[in-house]
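Contents: one structure, followed by commentary.
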Amino acid sequence: MAPRVIPVDPFDLVIFGGTGDLAQRKILPALYRRFCGGHFPEEVRIIGAARADISTEDYRQMVAEGVKATLNEHGPGAAGIPEFLRRVTYVSLDAREDRGWEPLAAQLAEVEPRPIRVFYFSVGPGLFGPLAERLHRHGLSDEDSRIVVEKPFGHDLQSAKALNATLAAHFTENQIYRIDHYLGKETVQNLMAIRFGNMLFEPLWNSQYVDHIQITVAETVGVAGREEYYDRAGAMRDMMQNHLMQLLCLIAMEPPAKFDPDAVRDEKVKVIRALDPVEPYHIVRGQYNAAAGGKGPDLTYRETVGNPRSSTESYIALKTHISNWRWAGTPFYLRTGKRLVARSSVINVLFKDAPHSIFGEEAGRHANHLKIRLQPNEGITLSVTIKEPGPGGMRLVDVPLDMSFATALGADGKNPPDAYERLITDMIRGNQTLFMRGDEVAAAWAWTDPIIAGWQARGDVPKPYDMGSTGPGDADLLMRRDGREWRGINP
Ligand code: NAD
């Protein structure tokens, strides 16, 4: 059954950085799909604002090309593009100067009464302050306006706090939408549905029954196109501090009383604050090298970033603990890396063995295992122990109860909305549940900073790993030392 369409209220969306990569590849195509899906009322206006001195006609052409490049057989075709473009205009302006702000103000003032205004800062963080200040100075925002900011939100705790303070000078926390696009993914939201929509899992969801939890976000892509940024950031800042942290929060948090922005975010921030510092010997950093055999045509990490001495990690694995009543004693193993063997985001919950086997030694040891696949082939697999068929005693075997959402949900499961579609409608509706709060980001940096400072002080050099592998061998050792093994990257 197709989901019920509830259109959002009329809005004006100004995309600062509207000619940039993110706007063209993600934001505008997501707006187009929601427009075609009937989620937007007639009066919607989308205003691209950037430095380039181009006309609205030029901009519409650019947007049309950007949208066309993202169309596929599942979503809407190109037929709606002309209608969509009628809602799109362009203003050339500079965030650091007064040029262009009067024309923007004039365009926004054309519609009375003032609809919801969303200002999307799709620009580098250095422009957040100037934009917030000019919006205020030109009287373009009111208490109902929203601003949207992209990752990276800071480089460390100090810079994140400074960014929070910059935005807070002109906007209240309930007007600030900090994007972590992982939270917009259907399967990530499904973590909450699986945990809090079922009776089955929650009673077992604690250190008494869970042996350990693994979170893996593996990518096949390298860092090409983002070389300068990435070599300054590395996997810890680029992925662990935000995306993996968000997954960890959703998997480990206490049940919020309501699915409400502050109730959910209060619980998430408690998880982050309860994270233990990470011991140096529980961290493995890696950097991709030539493919095995050294014959691959692809560039190594250092060649890609053009820095032959770079000691930035393109892979990180670590073990941490959450010091609270629910999780004390259960290790969490997190890993993420680039140029690995497969693209795969997966959470593995490994339950403990049954306390006593009535079937004797020969039946072997068995434990349930819940695997939550976030991508690809979204779904869950629960391994269950049954009797191996046939005569000759009671031998046990683990079999999967396997569910792919695409199969279970039919057409709706095959074509989940892109993360940005969900996040954009939420920001227009004023729902901050899937956006990070300022204290959450700060807490994540407070945990991350000492880890980075530690390896910098030790002069740690990342371990090389082959492109197309599962990462450095030391990451396997991290597990093997505890008598465990990684699950999840499919060769
Ligand atoms: P980009 O370099 O492609 O585009 C930057 C945009 O900012 C351009 O439209 C440019 O005209 C505009 N701009 C620059 N200086 C300006 C000024 N002084 N006044 C007005 N406009 C100005 O960058 P991008 O890749 O689109 O990234 C934008 C933001 O989103 C960055 O903070 C980035 O870290 C973040 N982000 C990007 C991606 C991605 O996939 N591209 C993913 C996640 C986060």
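When a ligand or atom number is given, it counts from 1 through the structure's own listing order. Just so you know, these numbers come straight off a predicted model, no measurement behind them.
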From the options Ser92, Ala95, Gly126, Gly48, select the one whose nearest heavy atom is closest to atom 19 (N) of ligand 1.
-> Ala95
Which protein non-hydrogen atom lies closest to atom 27 (O) of ligand 1, naming both residue and atom, and how far is it?
-> Leu22 CB, 4.3 Å
With a cut-off of 3.5 Å and sequence neighbours excluded, list every side-chain donor-acceptor pair involving residues 157-164.
| from | atom 1 | to | atom 2 | distance (Å) |
| --- | --- | --- | --- | --- |
| Ser159 | OG | His155 | N | 2.7 |
| Ser159 | OG | Asp156 | N | 3.0 |
| Ser159 | OG | Asp156 | O | 3.1 |
| Ser159 | OG | Asp156 | OD1 | 2.7 |
| Asn164 | OD1 | Arg178 | NE | 3.3 |
| Asn164 | OD1 | Arg178 | NH2 | 2.9 |
| Asn164 | ND2 | Gly438 | O | 3.4 |

Is there a donor-acceptor pair closer than 3.5 Å between any side-chain N or O of Arg45 and the backbone N or O of Leu108?
-> yes
Among protein heavy atoms, which sits nearest to atom 4 (O) of ligand 1, and what does the distance come to when rounded to 0.1 Å?
-> Gly20 CA, 3.3 Å
Give the residue, atom name and distance (to 0.1 Å) of the protein heavy atom nearest atom 28 (C) of ligand 1.
-> Ser122 O, 3.3 Å
Run the salt-bridge test on Arg437 and Asp262 with the 4.0 Å N-O cut-off and return the result as yes or no.
-> yes
Residue, atom and distance of the protein heavy atom nearest atom 23 (O) of ligand 1 read Asp21 N, 4.5 Å
For Arg273 and Val269, indicate whether the former's side chain and the latter's backbone hold a donor-acceptor pair under 3.5 Å.
-> no
Can any side-chain N or O of Arg87 pair as donor or acceptor with the backbone N or O of Glu83 at less than 3.5 Å?
-> yes
If hydrogens are left out, which of Lys151, Arg51, Gln24 has an atom nearest to atom 44 (C) of ligand 1, that is, the closest non-hydrogen atom?
-> Lys151
One finds that the ligand 1 atoms under 4.0 Å from a non-hydrogen atom of Pro152 are 34 (O)
Which of the numbered atoms in ligand 1 are below 4.0 angstrom from a heavy atom of Gly124?
-> 32 (O)
Per-atom contacts, ligand 1 versus Ala50 - under 4.0 Å to a heavy atom = 9 (O), 11 (O), 21 (N)
Quick one: which ligand 1 atoms are inside 4.0 Å of a heavy atom on Leu93?
-> 19 (N), 20 (C)
Say whether Ala52, considering both its backbone and side-chain N or O atoms, lies within less than 3.5 Å of an N or O atom on ligand 1.
-> no
Atom 18 (N) of ligand 1: closest protein heavy atom, distance to 0.1 Å, is Asp94 OD1, 3.0 Å
Structural part of Arg25 in contact with ligand 1, heavy atom criterion under 4.0 angstrom | side chain
Any donor-acceptor N/O pair, Arg146 side chain to Asp144 backbone, under 3.5 Å = yes
Within a distance under 4.0 Å of any heavy atom of Glu150, pick out the atoms of ligand 1 and give their elements.
-> 30 (O), 35 (C), 43 (C), 44 (C)
Count the heavy atoms belonging to other residues, nucleotides or ligands that lie under 6.0 Å from CD of Glu228, then report whether that count exceeds 12.
-> no
Protein contact to atom 9 (O) of ligand 1 [nearest heavy atom, distance to 0.1 Å] | Thr19 OG1, 2.7 Å
Partner residues of Glu65 under the salt bridge (Lys or Arg N to Asp or Glu O under 4.0 Å) criterion, sequence neighbours left out = none
Would you say the side-chain atoms of Ser310 pair up with the backbone N or O of Thr312, donor to acceptor, closer than 3.5 Å?
-> yes
Under the 3.5 angstrom rule, does the side chain of Glu227 hit a backbone N or O of Gly225 as a donor-acceptor pair?
-> yes
